[in-house]
Amino acid sequence: MAEAANGGARGRGDGVPCPTNPMVTPLLTDLYQFTMAYAYWKAGKHLDRAVFDLYFRKNPFGGEFTIFGGLEECIRFIANFKFAEDEIKFLRSVMPSCEDGFFEYLSSIDCSDVEVYAIPEGYVVFPKVPLMRIEGPVAVIQLLETPFLSLVNYASLVTTNAARHRLVAGKSKNLLEFGLRRAQGPDGGISASRYSYMGGFDATSNVAAGRLFGIPIRGTHSHAFVSSFMGLDEITDEALTSSDGSNKCEDFVSVVQNWLIRIQDSSSLRGTFGETSQSELAAFTSYALAFPNAFLALVDTYDVMRSGVPNFCAVALALNDMGYKAVGIRLDSGDLAYLSVETRKFFHAIEKEFGVVGFGKMTITASNDLNEETIDALNKQGHEVDAFGIGTYLVTCYAQAALGCVFKLVEINKQPRIKLSEDVTKVSIPCKKRCYRLYGKEGYPLVDIMTGEDEPGPKIGERLLCRHPFNESKRAYVVPQHVEELLKCYWPGTSSNSREELPSIHEIRTRCIHHLDRMRPDHMRRLNPTPYKVSVSAKLYDFIHFLWLNEAPVGELQ
């Protein structure tokens, strides 16, 4: 059970568990990583010391922020990176022209000489700033590219999506991830549950994710459960013991029926509904007998206000007689704003009519293909929903298919390298860098700045020129009131740097929510958010443009 709670089997790498998904092995990569590795080896370059940056170019979902996810799985991967004999055998079969010495080399390698520096998982991050800096023998690092991108791209995308849903829903609402059945396969479902929780959701319906990661799990029943009942006579065991064990009701069904009659005859609710569905009442009663401490009913199988809500209230009041408190209802169709408001009125009327303290505050949960836009619309209309169950649009990241992280060489054998493009957004920022977040006097982050590794870092109270990496007219002086260095050592390799501990998913979730709170509101708003500034030092700016001119071929006019 300890291994399950940790999210994976115990691995070989310095006590770090194996990747959560057993399919994450050194073979989980693109073929061209192996062909490049062979070419490096053939040329005697495979041990050249390389530095790669993993970053993204544009924030997703039309917003101006991203949440970094997937770091722990990357560290698990490199901690346990080693080719098995059967994997080498397979590689020989698909690369028959390669020399035996290359496969002997692959059999010998691990990531003991690799260094990984990264922004902590759960931080708010921005384009161009390296999420991870990976250093080591170029052939080995090349083999890490595809798995790292695979582990970070979706994780960061769905964590960001979850955070955006949290921001639009507000802090007071419960967010429940219901996406397993709509996710892209089992791994997509497990990852979505994990990273939705990290991004601010409160619970998941995914039982496997609950076991693996310790995420709270929630769930009640479906429409099938309600429609499977034909009538109250199907309930064979009608007895219910009170919550304190002091007495036992032998005919709980009759208590429910009596309460339904009282509700129908009450002065404040008379005429609001007629005959309710007796099969639905049977289903609710049966479920309450099974889970008297956790009774939450799906009330839209037949008619919400004429049947579902009155039937729920009758069962909830019967439970109250026995010392239990029902949880509430779930709405899965219809006009959620209107139905939630009318349901709340019904609950308040029950509380006032029968003197049941707290009945008006019963939880109302809404589901039914919800997303950012529908929750925003509900907020504008006015609603009484306490919890949102969100599935398809969350886990599939329906609004954007991919984040688009890239993995670029920035230095080899201490020589800075740059990748040029006619599209300036695809020009890489060369050399091994340090990254800082500068805070203003109000406590908000003002700008992220990258410097050369050997440059002195920004100092509190000292004015610093921050330049856009490629646009010479975009520049500003900043006097930071607080300076945070972003890249921490998570895998020291053979260096003497101490290794950061990997926090629990609950600590990462807390960190994520804290960092969202620290951002200036205009950067986080849904519509027309203010872009956050990402800059380089004046010295790095000059070097980028020097290297750009030095590497770009000079045309010749005929």
Side-chain angles (χ1 to χ4, degrees), residues 19 23-57 74 77-117 130-153 404-423 426-433 491 493-495 547-548 550-553:
M23 293 180 66
V24 180
T25 71
L27 290 190
L28 187 71
T29 191
D30 297 303
L31 179 61
Y32 83 161
Q33 309 292 10
F34 286 109
T35 58
M36 282 191 287
Y38 179 66
Y40 286 133
W41 179 84
K42 185 82 171 167
K45 283 179 59 66
H46 56 293
L47 298 180
D48 287 6
R49 195 75 182 173
V51 180
F52 284 79
D53 284 348
L54 189 156
Y55 61 94
F56 62 97
R57 297 183 174 119
C74 290
F77 176 63
I78 62 169
N80 296 280
F81 185 96
K82 191 72 178 173
F83 285 97
E85 287 184 16
D86 60 329
E87 292 173 327
I88 296 295
K89 183 178 179 180
F90 175 75
L91 289 172
R92 285 180 184 273
S93 72
V94 296
M95 303 174 71
S97 63
C98 296
E99 299 172 30
D100 288 343
F102 174 63
F103 298 108
E104 292 169 5
Y105 162 70
L106 289 181
S107 296
S108 71
I109 61 175
D110 57 22
C111 289
S112 58
D113 194 22
V114 172
E115 298 173 40
V116 176
Y117 301 84
L131 305 179
M132 302 171 69
R133 186 180 79 218
I134 305 96
E135 307 174 27
V138 65
V140 175
I141 304 302
Q142 204 77 72
L143 294 175
L144 301 178
E145 175 180 3
T146 302
F148 271 27
L149 290 172
S150 178
L151 292 168
V152 169
N153 261 311
C405 288
V406 294
F407 194 92
K408 296 299 180 185
L409 178 70
V410 295
E411 184 177 291
I412 192 159
N413 294 333
K414 300 190 179 296
Q415 297 300 309
R417 307 308 297 147
I418 189 170
K419 188 264 181 189
L420 301 180
S421 172
E422 292 183 5
D423 180 354
K426 293 190 173 183
V427 176
S428 64
I429 297 176
C431 79
K432 190 173 173 179
K433 297 173 288 292
W491 193 254
T494 55
S495 74
L547 193 62
W548 192 336
N550 200 49
E551 294 289 343

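Note that the structure is predicted; figures quoted are calculated from it, not measured. Just so it is clear, the values below take in all heavy atoms, side chains as well, and ignore hydrogens, waters and symmetry mates.
Judged by distance alone, with hydrogens and angles left aside, the side-chain atoms of Q33 form no donor-acceptor pair with the main-chain N or O of D30 at under 3.5 Å. For the pair S150 (side chain) and P147 (backbone), a donor-acceptor distance under 3.5 Å is absent. Side chain of N153 to main chain of G404: a donor-acceptor pair is present (N/O by atom type, distance under 3.5 Å, no hydrogens or angles). Judged purely by atom type and a 3.5 angstrom limit, N413 has no side-chain atom pairing as donor or acceptor with the backbone of Q415. Within the 3.5 Å criterion, the main-chain N or O of P430 finds no donor-acceptor partner in the side chain of S428. The closest donor-acceptor contact from the side chain of K426 to the backbone of R57 lies at 3.5 Å or more, if one exists at all. Looking at W491, its side chain never comes within 3.5 Å of a backbone N or O of I134 through a donor-acceptor pair.
Salt-bridge check for K45 with D48: passed, with a basic side-chain N closer than 4.0 Å to an acidic carboxylate O. Salt-bridge annotation for R49 and E115: present, with a side-chain N of the basic residue lying under 4.0 Å from a carboxylate O of the acidic one. Between K433 and D53 a salt bridge is recorded (basic side-chain N to carboxylate O distance below 4.0 Å). Under the 4.0 Å criterion applied to side-chain N and carboxylate O atoms, E87 and K89 are not assigned as salt-bridge partners.
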Query raised in the report: Yes or no on side-chain contact (heavy atoms from CB on, under 4.5 Å) for E135 and K432, after CA distance, side-chain angles and deciding distance?
Result: CA-CA 9 Å; E135 307 174 27; K432 190 173 173 179; 3.0 Å; yes
Query raised in the report: Between V410 and F52, is a side-chain contact (heavy atoms from CB on, under 4.5 Å) present by the stated rule, with each step listed?
Result: CA-CA 6 Å; V410 295; F52 284 79; over 6 Å; no
Report task. Let me see the working for E551 and L420 under side-chain contact (heavy atoms from CB on, under 4.5 Å), right down to the final yes or no. Result -> CA-CA 8 Å; E551 294 289 343; L420 301 180; 4.1 Å; yes
Query raised in the report: Under the side-chain contact (heavy atoms from CB on, under 4.5 Å) criterion, do E145 and L54 qualify, and how do the steps go?
Result: CA-CA 9 Å; E145 175 180 3; L54 189 156; over 6 Å; no
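Taking both residues in full, the closest heavy atoms of L547 and P416 are given as CD2-O, 4.0 Å, listed atom of the first, atom of the second, then distance. Pairing each heavy atom of F81 with each of P26, the nearest pair is CE1-CB, 3.7 Å. The two residues I412 and L409 have their closest heavy-atom pair at CB-CD1, 4.4 Å. In plain terms, the two heavy atoms of Y105 and A139 that are nearest each other are OH-CB, 3.5 Å. Closest of all the heavy-atom pairs between C405 and L131 is SG-CD1, 4.3 Å.
For the pair F34/M95, a side-chain contact is recorded, criterion being any heavy-atom separation below 4.5 Å from C-beta on. Residues L91 and F103 are in side-chain contact: their nearest non-hydrogen atoms beyond the backbone lie under 4.5 Å apart. For the pair Y40/Q142, a side-chain contact is recorded, criterion being any heavy-atom separation below 4.5 Å from C-beta on. Side-chain contact between F407 and I141 is present, with at least one heavy-atom pair separated by less than 4.5 Å. Put simply, the side chain of I78 reaches to within 4.5 Å of the side chain of L144, judged on heavy atoms. Using a 4.5 Å heavy-atom threshold, the side chains of I429 and Y55 count as separate. You'll find the side chain of Y117 stays beyond 4.5 Å of the side chain of M132, heavy atoms only. Contact annotation: the side chain of D113 approaches that of P137 to within less than 4.5 Å [non-hydrogen atoms, C-beta and beyond].
Ring orientation note: the planes of Y38 and W41 are close to parallel, at an angle under 30° on the 30°/60° scale.
Here the CD1 atom belonging to I109 is positioned 7.5 Å from the NZ atom belonging to K82, to the nearest 0.5 angstrom. Going from atom OG of S107 over to atom CD of E85 covers 8.0 Å, rounded to the nearest 0.5 Å.
A side-chain donor-acceptor contact under 3.5 Å links D110 and S112.
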